[in-house]
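Below you'll find the structure, written out as structure tokens, and then a few comments.
Residue numbers run from 1 in the order of the sequence given.
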Amino acid sequence: MQLNHTHDVTATSWLESANAAGCDFPVQNLPFSVFRRTGSNEAFRGGVAIGDQVIDLAALNRADCLEGLAAKAAGQCTQSVLNDFLAMGPAAWQALRHALFALLQSTASATSVAAVRACLVPQGTVEYAVPTRIGDYTDFYTSIHHALNIGKMFRPDEPITPNFQWVPIAYHGRASSIGVSGQMFRRPMGQAMPPGASAPVYGPCARLDYELELGIYIGQGNAQGEPIALDQAEPHVFGICLLNDWSARDIQFWEMAPLGPFLGKNFATTISPWIVTLEALAPYRQPWSRPPGDPQPLAYLESKGNRAQGAIDIQLEVWLETAQQRARGLGAARLSHTSFRHQYWSVAQMVTHHTMGGCNLQPGDLLGSGTISGPTAQEAGALIELTEGGRKPVILDDGEQRGFLHDGDAVILKGWCEKPGHARIGFGQSQGEILPALGN
């Protein structure tokens with residue numbers, strides 16, 4: 001994707017909070033969500049983040065501030081989910097984003113400023129919902145560092161399965177339990193095989209974990225039986241959010257053979273409310289490469305375009321807030337920091353491979369990137385990696401230790417992009433909290 005005037009680092013907004021250092025939502029970002037005022041009976045509708053405010057797209061649509069394709073696109077954002085807007089495709093997404101950029105720039109007319117200001121709602125007064133009707137959710141497994149870290153624990157002689165370097169591996173997950181940041185869920189119950197035991201036991205998960213991932217929203221889909229070529233894959237992607245793929249490790253490892261994840265993954269997935277568009281991420285694209293000694297992609301997963309800018313440098317952090325920290329008014333502890341640029345397979349390769357067998361993706365579908373881990377120990381994207389399977393618990397600043405997650409723990413994912421000569425843009429955060437299990 002080419003850079004344009006919306007990426008200009010010198011551009012500022014008439015809304016001062018959007019110009020603050022470290023702001024996630026400057027005028028160069030403009031991510032989408034669905035929201036309503038907290039505790040109200042209002043309908044959820046589309047919104048766009050700017051500074052510490054949300055632009056109410058339903059109100060903006062009524063104000064007649066937009067015209068042409070941008071107005072039609074805003075009209076589709078008045079609904080409780082963004083599927084119809086996403087189905088309009090890249091031209092409509094760009095038309096609305098560019099029109100909003102013009103209305104929010106410090107050079108906007110006084111009339112425009114007054115009209116848009118009347119459509120702003122403080123972010124501190126709103127609640128969010130999952131922004132699309134997710135028909136299908138697919139979670140990938142695309143970090144070679146994560147695969148190596150996990151594989152060495154259980155298969156030290158062959159830590160990576162033979163197919164990992166040839167194919168973007170994935171499984172079909174559960175869409176119904178996906179929740180937006182602030183999600184609270186019960187520790188899952190299930191079967192597990194204790195070490196040295198001859199029969200499984202049933203009870204609360206004892207090895208609950210998080211997985212640092214990104215969520216990839218499909219925009220326009222494809223017809224069943226019509227694969228998406230690699231160089232055409234990204235126009236089918238609307239944008240990206242943060243995603244926590246909660247994992248019940250003891251349940252997961254007992255049940256996975258031979259069909260893969262089930263109860264170990266289906267109880268909760270927590271996403272951030274904001275979708276950062278691929279257009280906003282254009283300045284942070286990087287070349288995608290494969291180490292020369294590794295298998296190179298088959299022809300359908302290979303292209304000059306993907307090699308030139310298939311990777312995206314999204315900085316990511318995991319933070320943990322325990323119940324004890326919360327009660328004492330202490331801040332959360334940072335557990336790890338890595339970047340999405342390390343991923344072994346690109347977003348485009350995930351989309352293309354997903355459709356190669358004839359699968360039809362639909363607007364609003366969600367893909368998980370798979371756990372994002374970097375090459376160093378401090379860049380691990382899951383607690384099972386950081387603690388080497390729980391054997392070496394992390395020690396928090398207040399002296400607490402964690403091999404796996406406890407009831408009352410909240411995991412917070414943060415993400416942002418920054419680069420010299422370009423504005424810093426952020427993803428907000430994904431936060432989820434663990435409640436005690438029900439039943440036994």
Side-chain angles (χ1 to χ4, degrees), residues 137 139 141 146-161 169-179 183-213 243-270 318 320-324 326 335 368 370-371 373 380-396 399-411 432-440:
Y137 165 51
D139 197 21
Y141 185 53
H146 176 66
L148 281 168
N149 291 337
I150 297 296
K152 287 175 182 177
M153 296 181 201
F154 304 101
R155 303 178 303 276
D157 295 333
E158 190 181 22
I160 300 179
T161 57
I169 300 170
Y171 70 94
H172 292 290
R174 184 74 183 174
S176 65
S177 53
I178 297 174
Q183 182 179 31
M184 304 174 76
F185 64 92
R186 296 285 180 180
R187 179 179 294 270
M189 302 288 292
Q191 281 193 29
M193 179 69 82
S198 58
V201 298
Y202 173 76
C205 166
R207 296 164 69 87
L208 190 57
D209 201 359
Y210 60 83
E211 290 193 359
L212 169 64
E213 301 193 20
L243 185 150
N244 187 342
D245 174 32
W246 302 96
S247 300
R249 297 299 187 190
D250 46 353
I251 298 171
Q252 177 189 359
F253 292 145
W254 170 236
E255 74 182 2
M256 276 190 65
L259 292 181
F262 182 34
L263 298 183
K265 294 281 192 176
N266 71 357
F267 55 93
T269 302
T270 308
V318 180
L320 175 64
E321 179 190 66
T322 70
Q324 179 173 300
R326 197 177 306 121
L335 299 183
T371 305
S373 297
L383 203 53
I384 191 172
E385 298 175 69
L386 284 174
T387 67
E388 297 183 14
R391 293 187 294 272
K392 296 181 179 180
V394 295
I395 301 175
L396 307 179
E400 292 183 87
Q401 298 185 13
R402 289 293 184 274
F404 289 95
L405 297 170
H406 292 192
D407 293 345
D409 285 351
V411 175
E433 183 177 335
I434 303 159
L435 302 176
L438 281 178
N440 52 44

Which residues share a salt bridge (charged side-chain N to carboxylate O under 4.0 Å, His left out) with Asp139, sequence neighbours left out | none
Heavy-atom closest pair, residues Leu438 and Met189 = O-CG, 3.4 Å
Looking only at non-hydrogen atoms, find the nearest pair between Tyr210 and Gly381 and report the distance.
-> CE1-O, 3.4 Å
Expected list for residues 250-259: side-chain donor-acceptor pairs under 3.5 angstrom, two or more places apart:
from, atom 1, to, atom 2, distance (Å)
Asp250, OD2, Ala206, N, 2.8
Gln252, OE1, Arg249, NH1, 3.1
Trp254, NE1, Gln191, OE1, 3.0
Glu255, OE1, Leu263, N, 3.1
Glu255, OE2, Phe262, N, 2.8
Glu255, OE2, Leu263, N, 3.0
Glu255, OE2, Gly264, N, 2.8

Restricting to pairs with a member in residues 257-270, which pass salt bridge (charged side-chain N to carboxylate O under 4.0 Å, His left out), not counting sequence neighbours?
-> Glu211-Lys265, Asp245-Lys265
Quick check: does any side chain N or O of Arg186 sit under 3.5 Å from a backbone N or O of Pro436, one acting as donor and the other as acceptor?
-> yes
With sequence neighbours left out, write down each residue that passes salt bridge (charged side-chain N to carboxylate O under 4.0 Å, His left out) with Arg326, or none if nothing qualifies.
-> Glu321, Glu433
Does some side-chain heavy atom of Leu396 sit less than 4.5 Å from a side-chain heavy atom of Gln324?
-> no
dist Phe185:CZ -> Thr269:OG1 (nearest 0.5 Å) comes out at 9.0 Å
Partner residues of Tyr137 under the ring-ring contact (aromatic ring centres under 6.0 Å, His included) criterion, sequence neighbours left out = none
Distance, nearest 0.5 Å, that separates CD of Glu213 from CG of Asn244 = 8.0 Å
What distance do His406 atom NE2 and Thr322 atom OG1 have between them, rounded to the nearest 0.5 Å?
-> 9.5 Å
Which residues share a side-chain hydrogen bond (donor to acceptor under 3.5 Å, both in side chains) with Ser373, sequence neighbours left out | Glu385
Work out which heavy atom in Leu208 is nearest to a heavy atom in Arg187; give both atom names and the distance.
-> CB-NH1, 3.5 Å
Which atom of Pro194 lies closest to which atom of Ala192, heavy atoms considered = CD-O, 3.3 Å
For Pro195, what residues pass the side-chain contact (heavy atoms from CB on, under 4.5 Å) criterion, not counting sequence neighbours?
-> none
Check side-chain hydrogen bond (donor to acceptor under 3.5 Å, both in side chains) between Asn266 and all other residues, then give those that pass, not counting sequence neighbours.
-> none
How would you list, by chain and number, every residue that makes a side-chain hydrogen bond (donor to acceptor under 3.5 Å, both in side chains) with Gln401, sequence neighbours excluded?
-> none
What residues, two or more places apart in sequence or in another chain, satisfy salt bridge (charged side-chain N to carboxylate O under 4.0 Å, His left out) together with Lys152?
-> none
Could you tell me which residues satisfy side-chain contact (heavy atoms from CB on, under 4.5 Å) with Thr387, sequence neighbours excluded, listed by chain and number?
-> Leu383, Val394
Output the distance between atom CD1 (Ile434) and atom CG (Leu405), rounded to the nearest 0.5 Å.
-> 4.0 Å
Side chain of Arg207, backbone of Gly389: donor and acceptor closer than 3.5 Å?
-> yes
Closest heavy-atom pair and its distance - Leu243, Gly368 = CD1-CA, 4.4 Å
Who pairs with Ser176 by side-chain hydrogen bond (donor to acceptor under 3.5 Å, both in side chains), at least two apart in sequence or on another chain?
-> Arg174
Take the angle between the ring planes of Tyr141 and His146 and call it parallel below 30°, perpendicular above 60°, tilted in between.
-> perpendicular
Heavy-atom closest contact (Leu320 atom, Arg402 atom, distance) = CD2-CG, 3.8 Å
